[in-house]
A.B. asks: 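Dumping the structure here so I can ask a few things about it.
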Amino acid sequence: MPVLFSSSSSSSPSNVHRHARSYHHLEGDVRWRRLYSSNQFFLRIGGDGKVEGTRRKEGLNSIVEIRSVQVGTVAIRSIHNGFYLAMNRKGKVYGTKAYSPNCKFKERIEENGYNTYASFHWHHEGRPMFLSLNSKGLPRRGIRTRWQHLSTHFLPMLVS
């Protein structure tokens, strides 16, 4: 939707009127990707629901469906086994077959081109809790994460 300005000749910010933009056409968007962390792991949701990083690009459990459930909010599901990525109130990341509010993540594109995924439902002391893999490829608890940490940055790579 175009940005509309007032017809006033003054260019001061107080005279500028903007209409809210509508991005509802993005709801329901589905992308198949491999989430590659900035510390060189592919996010993997195993057949038992265990979430971890793997260095193997070819692994079937690392192909995920990123589905937009509302503007800026996504659900991430393993294509191979159907487990949804989820985070509980303590910031523990896990896989679950049943979709719930724990499976919703706010997706944000950062300045470096990587994406961050914060729990939509849970916060810790007023701060968002992010999906993150440590240097060994294990998930970090959301309560210990910040958007500035490179371990929270993921590159959604096309599935070839």
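As the structure is a prediction and not an experimental result, all values here were calculated from the model. All residue numbers refer to positions in the sequence shown, counting from 1.
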A.B. asks: What pairs with E110 under side-chain hydrogen bond (donor to acceptor under 3.5 Å, both in side chains), at least two apart in sequence or on another chain?
C.D. replies: T116
A.B. asks: Atom CZ in R77, atom CD in E65: separation rounded to 0.5 Å?
C.D. replies: 4.5 Å
A.B. asks: Checking the side chain of N81 only, and the main-chain atoms of I45 only, is there a donor and an acceptor separated by less than 3.5 Å?
C.D. replies: yes
A.B. asks: Can you confirm whether more than 12 heavy atoms, excluding those of K106, are under 6.0 Å from its NZ atom?
C.D. replies: yes
A.B. asks: Just verifying a value: how many Å separate R141 CZ and L138 CG, rounded to the nearest 0.5 Å?
C.D. replies: 12.0 Å
A.B. asks: To the nearest 0.5 Å, tell me how far W147 CH2 sits from F130 CZ.
C.D. replies: 8.5 Å
A.B. asks: More than 12 heavy atoms of other residues, nucleotides or ligands under 6.0 Å from CZ of R127: yes or no?
C.D. replies: yes
A.B. asks: Under the 3.5 angstrom rule, does the side chain of N102 hit a backbone N or O of H121 as a donor-acceptor pair?
C.D. replies: no
A.B. asks: How about R44 and E52: do any of their side-chain heavy atoms sit closer than 4.5 Å?
C.D. replies: yes
A.B. asks: Considering residues at least two apart in sequence or located in another chain, which fulfil the ring-ring contact (aromatic ring centres under 6.0 Å, His included) criterion with Y94?
C.D. replies: none
A.B. asks: Are F42 and L35 side-chain neighbours, meaning at least one heavy-atom pair lies under 4.5 Å?
C.D. replies: no
A.B. asks: I want to check something: taking the side chain as every heavy atom from C-beta on, are I79 and N61 in contact at a cut-off of under 4.5 Å?
C.D. replies: no
A.B. asks: Establish, yes or no, whether the cationic atom of R55 lies under 6.0 Å from the six-membered ring centre of F41 and within 45° of the ring axis.
C.D. replies: yes
A.B. asks: Contact between T152 and L150 at the side-chain level, heavy atoms closer than 4.5 Å - yes or no?
C.D. replies: no
A.B. asks: Among the clusters formed by ILVMFWY side chains lying less than 4.5 Å apart, do L43 and M129 turn up in the same one?
C.D. replies: yes
A.B. asks: Find the distance between NE2 (H124) and NZ (K90) and round it off to the nearest 0.5 Å.
C.D. replies: 12.0 Å
A.B. asks: To the nearest 0.5 Å, what is the distance between CZ (R140) and NZ (K92)?
C.D. replies: 16.0 Å
A.B. asks: After noting the C-alpha distance and the side-chain angles of V64 and I66, does the key distance pass the side-chain contact (heavy atoms from CB on, under 4.5 Å) rule?
C.D. replies: CA-CA 6 Å; V64 295; I66 303 172; 4.1 Å; yes
A.B. asks: Is the closest side-chain donor-acceptor distance between S132 and S151 under 3.5 Å?
C.D. replies: yes
A.B. asks: Considering residues, nucleotides and ligands other than R89, do more than 12 of their heavy atoms fall under 6.0 Å from its CZ?
C.D. replies: no
A.B. asks: Is there a path from W122 to Y117 through hydrophobic residues (I, L, V, M, F, W, Y) whose side chains come within less than 4.5 Å of each other?
C.D. replies: yes
A.B. asks: Show the numbers, then the answer: is there a side chain to side chain donor-acceptor pair (under 3.5 Å) between R34 and S62?
C.D. replies: CA-CA 6 Å; R34 283 188 168 91; S62 66; 3.2 Å; yes
A.B. asks: So with a 6.0 Å cut-off around CZ of R31, is the heavy-atom count from everything else above 12?
C.D. replies: yes
A.B. asks: Taking atom CD of E107 and atom CG of N115, what is their separation to the nearest 0.5 Å?
C.D. replies: 4.5 Å
A.B. asks: Spell out, as yes or no, whether a donor-acceptor pair under 3.5 Å connects the side chain of N39 to the backbone of L133.
C.D. replies: yes
A.B. asks: Please lay out, stage by stage, how Y99 and K104 fare under the test side-chain contact (heavy atoms from CB on, under 4.5 Å).
C.D. replies: CA-CA 9 Å; Y99 178 78; K104 293 168 78 173; 3.1 Å; yes
A.B. asks: Please find out if less than 6.0 Å separates the ring center of F105 from that of F120.
C.D. replies: no
A.B. asks: Establish, for the pair K97 and Y84, whether the NZ or CZ atom is under 6.0 angstrom from the six-membered ring centre and no further than 45 degrees off its axis.
C.D. replies: no
A.B. asks: Closest heavy-atom contact between K50 and D48?
C.D. replies: N-OD1, 3.1 Å
A.B. asks: Compute whether any side-chain donor of one residue and acceptor of the other, for N112 and H153, lie under 3.5 angstrom apart.
C.D. replies: yes
A.B. asks: V51 versus L85: any side-chain heavy-atom pair under 4.5 Å?
C.D. replies: yes
